[in-house]
Amino acid sequence: MASTTATNAPKAASARTAAAEAAVNAPEVQVKGVTRREFLFYIWSASIALLLGELGGAIVWFALPRFREGEYGGTFPVDPATLPAVGTAPALNPVGKYWISNTANGLLALSATCTHLGCLFKWVDLNNRFECPCHGSKFQATGVYIEGPAPRNLDRFQLIVDTPSGTVTTDADGNPLPVSSPTAIRVNTGKKIKGATHA
Ligand code: FES
């Protein structure tokens with residue numbers, strides 16, 4: 001019985017080889033007027049089209065703003081008429097989580113969360129500085145660190161300001177933005193510039 005199986009094995013293998021060769025050499029089979037090659041070509045084209053469609057969708061998705069205006073992560077319009085006067089108490093926008101600080105060197109939008117552990121600090125008129133109620137960090141109106149456990153200055157958001165002579169934007173270091181006669185102001189809470197660490 002075992003020797004019969006062994007004898008039949010090469011025959012079966014050669015039959016499979018012959019079948020495979022026949023399949024390779026077989027003329028194109030037409031199914032309802034479409035050859036196999038055409039069918040495969042259509043499948044391949046559809047796959048490429050689908051891939052390109054997905055790629056295009058992904059590019060559009062990334063290009064579109066993810067946050068609407070007035071939503072944290074997006075931009076917030078600031079009415080120039082409501083800007084605090086230079087050197088006076090900064091103004092808080094609790095929705096945008098930023099303070100507008102109008103300093104002698106220019107305009108700043110400071111993140112409202114403490115750089116220690118993220119508490120919301122307050123402006124204290126009496127001491128003319130920001131003070132964090134959680135662990136006592138203190139910062140100047142410019143966001144510069146004064147004392148406490150916070151490891152760095154307050155973070156800043158990008159400002160985009162339209163003026164009669166053009167649009168100016170906060171630089172990469174977040175320096176105060178000198179503006180005169182602004183016609184429109186926007187705070188971009190999607191663009192945060194980390195405060196510098198102190199010694
Ligand atoms: S969270 Fe502000 S000092 Fe700790």
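Predicted model, so just to flag it, every value in this text is computed and none were measured. When a ligand or atom number is given, it counts from 1 through the structure's own listing order.
- Of all protein heavy atoms, the one lying nearest to atom 1 (S) of ligand 1 is L117 N, 3.3 Å.
- Of the heavy atoms in C114, only side-chain atoms (C-beta onward) come closer than 4.0 Å to ligand 1.
- Side-chain contact of S111 with T113: a donor-acceptor pair under 3.5 Å is present, judged by distance alone.
- Residues L110 and T142 come closest through the heavy atom pair CD2-O, 3.6 Å.
- Looking at atom 3 (S) of ligand 1, its nearest protein heavy atom turns out to be S137 OG, 3.2 Å.
- Backbone or side-chain N, O or S atoms of C134 do not reach atom 4 (Fe) of ligand 1 at under 2.8 Å.
- Between S137 and P149, the closest side-chain pair of non-hydrogen atoms falls below 4.5 Å.
- The shortest distance between side-chain heavy atoms of R186 and D162 falls below 4.5 Å.
- Residue contacts to atom 4 (Fe) of ligand 1: C119 brings no N, O or S atom closer than 2.8 Å.
- The side-chain tip of K192 does not point at the ring of F157 from less than 6.0 angstrom away and within 45° of straight on.
- Sulfur-sulfur distance for C132 and C119: not below 2.5 Å, with no disulfide indicated.
- With ligand atoms numbered from 1 in the order given, ligand 1 contributes 1 (S), 2 (Fe), 3 (S) to contacts under 4.0 Å with heavy atoms of C132.
- Here H116 contributes ND1 and H135 contributes ND1, and at atom 4 (Fe) of ligand 1 these two atoms make an angle of 90°, given to 10°.
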